Engineer: 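Can you keep this structure in mind? I'll have questions shortly.
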Amino acid sequence: MNTQEQDAILAAEYVLGLLDTPTRRQLDKRLNDDEAFAKQVLHWQKAFSGMDALTPESAPSAEVWQRIARKVNHETHTPTPLRPAAWLGWSLAAALAAVLIFNMVTQPAPSPALQPIAILNGTQSDAQFVVSVDKSARTLQVSALNVALPQEKNLQLWLIKGREPPQAIGLITQPGHNEFRLAGDTLDNQTTLAVSLEPVGGSKLIGPSGPIVFVGKVRLSG
């Protein structure tokens with residue numbers, strides 16, 4: 001993986017908030033000095049800005065409301081005239097309560113952390129796949145950015161390690177996120193991920209039967 005690809009993944013991790021505090025502080029400084037890296041960060045901010053639209057609305061359950069009540073620790077008081085300072089206090093409390101409600105409703109339960117591990121590039125510079133892994137669940141998530149799904153064809157994901165035959169992972173059928181289960185410890189820094197253009201249903205051969213249209217190297221940290 002070259003320096004440009006490493007910076008692209010680092011910029012994606014920065015935008016998604018997946019970095020530790022020391023690394024993030026280093027990148028905060030780098031944004032002021034490295035114009036190319038700043039453009040990478042801006043690219044991912046624009047790319048990920050539409051993801052919220054894909055998240056379904058969720059109404060708070062009774063349990064969530066109870067948690068909110070406990071957190072805010074609301075108590076009934078006899079109404080009294082409020083001084084300007086008191087109004088400020090109530091405003092701050094309302095703002096904190098709003099943040100708390102938003103976090104509880106939109107994030108009802110902790111989800112496994114996803115670590116971006118590869119960017120698959122094709123012939124078009126603005127079309128990419130971002131591949132992330134959930135190590136605990138052995139799940140790959142493939143997110144399409146500016147990729148149009150083909151008509152009467154399928155995009156198929158492949159895992160390639162050295163001279164071993166390509167391993168078919170699955171078909172990319174969603175314009176946003178696609179998830180695939182991994183069998184065992186199959187990923188390392190010698191792994192290549194590729195996407196081929198195949199007939200509907202995928203390749204009937206051991207490997208890709210159509211052209212490779214996206215490819216990228218896996219980069220595992222730690």
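Note that the coordinates shown come from a computational prediction; the quantities given were computed from them, not determined experimentally.
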Engineer: Please round to the nearest 0.5 Å and tell me the distance separating atom CG of Leu10 and atom CG of Leu19.
Structural biologist: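 Atom-to-atom, Leu10:CG and Leu19:CG are 6.0 Å apart.
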Engineer: Work out which heavy atom in Gly201 is nearest to a heavy atom in Asn154; give both atom names and the distance.
Structural biologist: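 Distance-wise, the nearest heavy atoms are N-OD1, 2.8 Å.
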Engineer: Check whether any side-chain N or O of Arg30 sits under 3.5 Å from a backbone N or O of Phe37 as a donor-acceptor pair, and report yes or no.
Structural biologist: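 No.
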Engineer: About how many Å separate CG of Asn178 and CD1 of Ile169, when rounded to the nearest 0.5 Å?
Structural biologist: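 Atom-to-atom, Ile169:CD1 and Asn178:CG are 13.0 Å apart.
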Engineer: Is there a path of hydrophobic side-chain contacts, each under 4.5 Å between heavy atoms of I/L/V/M/F/W/Y residues, joining Leu171 to Val130?
Structural biologist: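 The answer is no; the residues belong to distinct hydrophobic clusters.
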Engineer: Quick one: CG on Asp20 to CD on Glu13, what's the gap to the nearest 0.5 Å?
Structural biologist: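 Separation between the atoms: 10.0 Å.
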Engineer: Regarding Gln40 and Asp7, is there a side-chain donor-to-acceptor distance under 3.5 Å anywhere?
Structural biologist: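 Per modelled atom types, Gln40 and Asp7 side chains form no pair under 3.5 Å.
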Engineer: Start with the C-alpha distance between Ile117 and Arg219, add both sets of side-chain angles, then the distance that settles side-chain contact (heavy atoms from CB on, under 4.5 Å), and finish with yes or no.
Structural biologist: CA-CA 5 Å; Ile117 58 168; Arg219 172 181 173 265; 5.8 Å; no
Engineer: Taking Leu182 as the starting point, is it possible to reach Trp158 by hopping between hydrophobic residues whose side chains are less than 4.5 Å apart?
Structural biologist: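 The answer is no; the residues belong to distinct hydrophobic clusters.
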Engineer: How long is the gap from OG on Ser143 to CD on Gln174, to the nearest 0.5 Å?
Structural biologist: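 Those atoms lie 11.5 Å apart.
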Engineer: Considering all heavy atoms of both residues, which atom of Ile119 and which atom of Ala8 are nearest to each other, and what is their separation?
Structural biologist: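 For Ile119 versus Ala8, the nearest heavy atoms are CD1-CB, 3.4 Å.
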Engineer: How long is the straight-line distance from NZ of Lys39 back to CG of Asp34, given to the nearest 0.5 Å?
Structural biologist: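 One gets 10.5 Å once the value is rounded to the nearest 0.5 Å.
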Engineer: Would one find more than 12 heavy atoms of other residues, nucleotides or ligands at under 6.0 Å from atom NZ of Lys204?
Structural biologist: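 Yes, because the 6.0 Å sphere around NZ of Lys204 holds more than 12 heavy atoms from other groups.
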Engineer: Can you name the nearest heavy-atom pair linking Asp126 to Asn146, along with the distance?
Structural biologist: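 Closest approach of Asp126 to Asn146: O-ND2, 2.9 Å.
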Engineer: Verify the neighbour count for atom CZ of Arg25: are there more than 12 heavy atoms of other residues, nucleotides or ligands below 6.0 Å?
Structural biologist: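 12 or below, so no.
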Engineer: Any side-chain to backbone donor/acceptor pair from Asp134 onto Thr139? Under 3.5 Å, distance only.
Structural biologist: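 Absent.
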Engineer: Should Val213 and Leu157 be counted in the same cluster of Ile, Leu, Val, Met, Phe, Trp and Tyr side chains packed under 4.5 Å apart?
Structural biologist: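 Yes, one cluster joins them.
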Engineer: Between Phe129 and Ile172, does a side-chain contact (heavy atoms from CB on, under 4.5 Å) hold up when you go through it step by step?
Structural biologist: CA-CA 10 Å; Phe129 285 102; Ile172 298 174; 4.0 Å; yes
Engineer: For Gln128 and Val147, which heavy atoms make the closest approach, and how far apart are they?
Structural biologist: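 It is O-CG2, 3.4 Å.
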Engineer: So, Ser209 and Glu198: side-chain donor and acceptor under 3.5 Å apart, yes or no?
Structural biologist: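 The criterion, which ignores hydrogens and geometry beyond distance, is satisfied for Glu198 and Ser209.
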Engineer: Say you draw a straight line from CG of Leu120 to CZ of Phe214; how long is it, rounded to the nearest 0.5 Å?
Structural biologist: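 Leu120 atom CG to Phe214 atom CZ measures 8.0 Å (nearest 0.5 Å).
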Engineer: Does the side chain of Ser203 reach to within under 4.5 Å of the side chain of Pro208, using non-hydrogen atoms?
Structural biologist: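 Side chain of Ser203 against side chain of Pro208, heavy atoms only: no contact under 4.5 Å found.
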Engineer: Judged by modelled atom types alone, do Lys161 and Thr191 share a side-chain donor-acceptor pair under 3.5 Å?
Structural biologist: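 Absent: no donor and acceptor within the cut-off.
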Engineer: With side-chain contact (heavy atoms from CB on, under 4.5 Å) as the criterion, how do Leu187 and Leu140 come out once you've worked through the C-alpha distance, each side chain's angles and the decisive distance to 0.1 Å?
Structural biologist: CA-CA 10 Å; Leu187 296 174; Leu140 275 185; 4.0 Å; yes
Engineer: Which residues, ordered by chain and number, are linked to Ile212 in its hydrophobic cluster, where ILVMFWY side chains connect at heavy-atom gaps below 4.5 Å, directly or through other members?
Structural biologist: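 The other cluster members (ILVMFWY side chains, heavy atoms under 4.5 Å, direct or chained) are Val215.
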Engineer: I'd like to know if the side chain of Asp188 and the backbone of Gln190 have a donor-acceptor N/O pair within less than 3.5 Å.
Structural biologist: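 Yes.
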Engineer: Where do Ala194 and Ile160 come nearest, in terms of heavy atoms and distance?
Structural biologist: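 Nearest heavy atoms, Ala194 then Ile160: CB-CD1, 4.2 Å.
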Engineer: Taking the side chain as every heavy atom from C-beta outward, state whether Tyr14 and Asp28 have any pair of such atoms under 4.5 Å apart.
Structural biologist: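 Tyr14 reaches Asp28 side chain to side chain.
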Engineer: Give the minimum heavy-atom separation between Pro175 and Leu149, together with the two atoms involved.
Structural biologist: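 The answer is N-CD1, 3.9 Å.
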Engineer: Go through Thr192 and Val218 one step at a time and tell me if the side-chain contact (heavy atoms from CB on, under 4.5 Å) criterion holds.
Structural biologist: CA-CA 6 Å; Thr192 297; Val218 168; over 6 Å; no
Engineer: Is there a path of hydrophobic side-chain contacts, each under 4.5 Å between heavy atoms of I, L, V, M, F, W or Y residues, that connects Leu205 with Leu197?
Structural biologist: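 Shared cluster, no.
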